[in-house]
Amino acid sequence: KALKNAWSLASKVLSIAVMPPSSDAIENSKPYGDGFKTMRGTFQKYFMQEQLKEYVFQALNEAPIAIAPGIFFVFKDKVSEQAFLVERYNRHKYKSVTIRPDRQRPTTIAKPLKSDVLKPQLELLWQEILDHGRFVHNDEIPIELADAFKAEHVSLKRAEQYCIDELIETDLLKKSGADRREDLLVYFALEMFSGRKPYRQLPKSLQHDIKAFFDNHANAQIEARNLLFSTGDAKAIRDACEEFANNNLGYIFNDEQMLLHVSVLDLLPPILRCYIGCAGVLYGDISTADLIKIHIGTGKLTLQIYDDFSKALPKLTQRVKIDMRSQKVRIFSSNDEKVQFLYMKSLYIPDDFENFKEQSKFDRCLQKLGLFQFSNYGPDAKYFKDTLRDKGISIDGFNVALK
């Protein structure tokens with residue numbers, strides 16, 4: 001009743017939040033009715049992610065969108081829903097550019113364009129072109145930009161011509177277009193995975209995208225379906241993981257799992273972006289984690305969250321296991337009794353990560369001690385700390401030293 005009444009009042013989007021269950025919360029509670037009785041004597045009703053999704057769907061007959069554990073959006077305005085999802089999978093934001101004053105401008109258009117007056121607007125237009133990966137339409141530019149061109153009696157086509165002559169770097173625009181096309185392909189593939197009803201009306205900007213990058217909607221759907229199905233090909237996933245790891249952007253261990261830091265998500269090839277995106281459809285915002293573990297060939301993903309990832313030895317605080325085949329999400333919180341450090345962190349972060357050199361040096365120092373075996377998850381935190389204490393070794397930031 002609460003859901004339905006709230007839905008009747010929503011004009012664009014309804015946000016729904018509940019308490020998701022964690023392993024420690026359930027362990028410290030007793031089953032009671034359809035929920036749990038806590039140690040404080042209160043009643044708590046927990047929802048698994050898939051339970052909440054099904055509950056909302058049954059109550060509202062609308063497909064909810066996972067935002068985070070226990071949080072879903074339900075859009076009443078379907079055009080806004082598409083705009084939200086397209087932007088969600090948009091990775092690339094290109095830096096703004098400046099007109100080069102030392103470059104000779106074509107005299108045939110410099111005067112009528114009043115370039116000195118329109119310089120800021122032309123730079124903004126070029127930014128819009130880069131962000132879209134293609135030339136834009138009148139209905140896609142900000143109103144203030146359109147008004148500025150109109151006031152100077154300059155058409156959008158004429159302004160774009162000036163950008164071509166003065167600003168556009170062909171290679172950068174091609175890369176922007178390729179990136180945009182890939183983002184859209186991932187978006188369409190994940191829409192299929194989510195099981196949402198096909199949209200009857202597409203946002204105008206998305207219509208322009210489809211025309212520019214796929215010719216028509218049918219072509220986009222065919223390519224997206226092929227991409228989605230490829231995530232079930234264990235060999236294709238393994239090949240993509242191995243190529244990514246070979247570029248020092250991820251680390252494969254046990255030959256069955258690849259760990260990567262969320263900072264490199266935008267660099268993943270489409271098949272791995274789609275694989276991780278399927279987990280995001282079930283869980284929500286994947287980028288809130290620190291490390292992502294791809295289980296090659298099993299259709300599973302694990303998110304690892306640490307207390308402070310900037311430290312030399314971050315402490316694991318939470319693991320989230322996502323099974324795309326069963327569509328189940330499980331959250332496991334770490335406790336003080338069994339602390340797990342992240343050893344050899346430099347293996348899982350890119351070379352340009354903050355303090356990478358210090359981290360790499362720290363990891364090598366730990367290995368040179370010859371006291372521990374760091375394969376798999378490494379030693380228990382208590383054993384690690386006790387051994388260092390007994391050997392008179394201290395850790396201060398990224399430094400390892402004898403006391």
Side-chain angles (χ1 to χ4, degrees), residues 10-15 62-67 72-94 124-146 156-157 159-160 163 172-231 265-266 268-271 273-274 276-278 280-281 284-287:
S11 60
K12 183 173 289 187
V13 59
L14 177 66
S15 177
E62 295 285 347
I65 298 171
I67 303 301
F72 281 85
F73 283 175
V74 188
F75 280 84
K76 184 166 281 187
D77 182 338
K78 297 306 177 185
V79 174
S80 295
E81 179 182 62
Q82 294 170 85
F84 171 80
L85 290 170
V86 170
E87 183 61 27
R88 193 179 199 182
Y89 304 123
N90 181 23
R91 303 164 299 166
H92 297 84
K93 295 294 183 182
Y94 289 86
L124 287 174
L125 176 60
W126 170 226
Q127 186 65 62
E128 289 289 332
I129 293 171
L130 270 184
D131 288 343
H132 284 82
R134 56 173 173 77
F135 290 107
V136 294
H137 295 250
N138 282 304
D139 55 10
E140 294 180 297
I141 63 175
I143 295 177
E144 58 271 18
L145 192 56
L156 178 59
K157 186 175 182 180
E160 284 182 342
C163 287
L172 183 59
L173 184 56
K174 284 182 178 179
K175 184 180 186 311
S176 171
D179 289 341
R180 180 63 174 168
R181 188 182 193 282
E182 188 177 290
D183 290 345
L184 291 167
L185 199 56
V186 171
Y187 159 72
F188 286 123
L190 295 179
E191 282 303 282
M192 291 180 181
F193 178 77
S194 69
R196 268 185 287 278
K197 299 175 182 177
Y199 296 110
R200 294 183 178 179
Q201 182 181 1
L202 298 175
K204 205 71 175 173
S205 185
L206 186 55
Q207 292 181 37
H208 296 320
D209 285 330
I210 292 172
K211 179 65 176 176
F213 298 118
F214 302 99
D215 288 336
N216 56 62
H217 198 199
N219 289 340
Q221 294 292 301
I222 292 171
E223 287 194 48
R225 186 177 295 107
N226 292 336
L227 175 60
L228 180 60
F229 287 172
S230 72
T231 62
L265 280 176
D266 288 353
L268 288 166
I271 185 173
R273 286 189 63 204
C274 191
I276 293 175
C278 288
V281 169
D285 188 1
I286 296 292
S287 66

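Model, not experiment: these values are computed from the prediction.
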Side chain to side chain donor-acceptor pair (under 3.5 Å) partners of R181, counting only residues at least two apart: E223
Distance (rounded to the nearest 0.5 Å) between E62 CD and K76 NZ: 8.5 Å
Look only at the side chain of E160 and the backbone of F135, and say whether a donor-acceptor pair between them is shorter than 3.5 Å. no
Taken to the nearest 0.5 Å, the spacing of R273 CZ from L185 CG works out to 9.5 Å
Closest non-hydrogen atom pair, L228 against C278: CD1-SG, 3.9 Å
Rounded at 0.5 Å granularity, tell me how far CG in L85 sits from CD1 in I65. 4.0 Å
Would you say that I67 contacts R88 through its side chain, given a criterion of any heavy-atom pair below 4.5 Å between the two side chains? yes
Contacts of type side-chain contact (heavy atoms from CB on, under 4.5 Å), residue L124, not counting sequence neighbours: L145
Quick one, V13 with V74, criterion side-chain contact (heavy atoms from CB on, under 4.5 Å). Give me CA distance, side-chain angles, the key distance, then yes/no. CA-CA 6 Å; V13 59; V74 188; 5.9 Å; no
Is there a side-chain contact between I129 and L173 (heavy atoms, below 4.5 Å)? yes
Residues in ring pair (Phe, Tyr, Trp, His ring centres under 6.0 Å) contact with F75, at least two apart in sequence or another chain: F84
Who pairs with E140 by side chain to side chain donor-acceptor pair (under 3.5 Å), at least two apart in sequence or on another chain? R134, S205
If you look at every heavy atom in E81 and A63, which pair is closest and at what distance? OE2-O, 4.2 Å
Rounded to the nearest 0.5 Å, how far does CZ of R225 lie from CZ of F193? 15.5 Å
Just jot down the side-chain contact (heavy atoms from CB on, under 4.5 Å) partners of K211, sequence neighbours excluded, or say none. none
Residue set satisfying side-chain contact (heavy atoms from CB on, under 4.5 Å) with N219, at least two apart, ordered chain then number -> F214, D215, N216
Less than 4.5 Å apart, side chain to side chain, heavy atoms only: is that true for L268 and I276? yes
CG/L190 to SG/C274 distance, rounded to the nearest 0.5 angstrom? 4.5 Å
Can you tell me how far the CD atom of Q127 sits from the CG atom of L125, to the nearest 0.5 Å? 10.5 Å
Please report the shortest heavy-atom distance between D131 and R180, naming the atom on each side. O-CD, 4.3 Å
Closest approach of L156 and V136, non-hydrogen atoms and distance? CD2-O, 3.7 Å
Are the side chain of Q221 and the backbone N or O of A189 linked by a donor-acceptor pair below 3.5 Å? no
Quick check: closest heavy atoms across L206 and Q82, and the distance to 0.1 Å? CD2-OE1, 4.1 Å
Check whether any side-chain N or O of S15 sits under 3.5 Å from a backbone N or O of F73 as a donor-acceptor pair, and report yes or no. no
Nearest heavy-atom contact between S176 and G133 is OG-CA, 3.2 Å
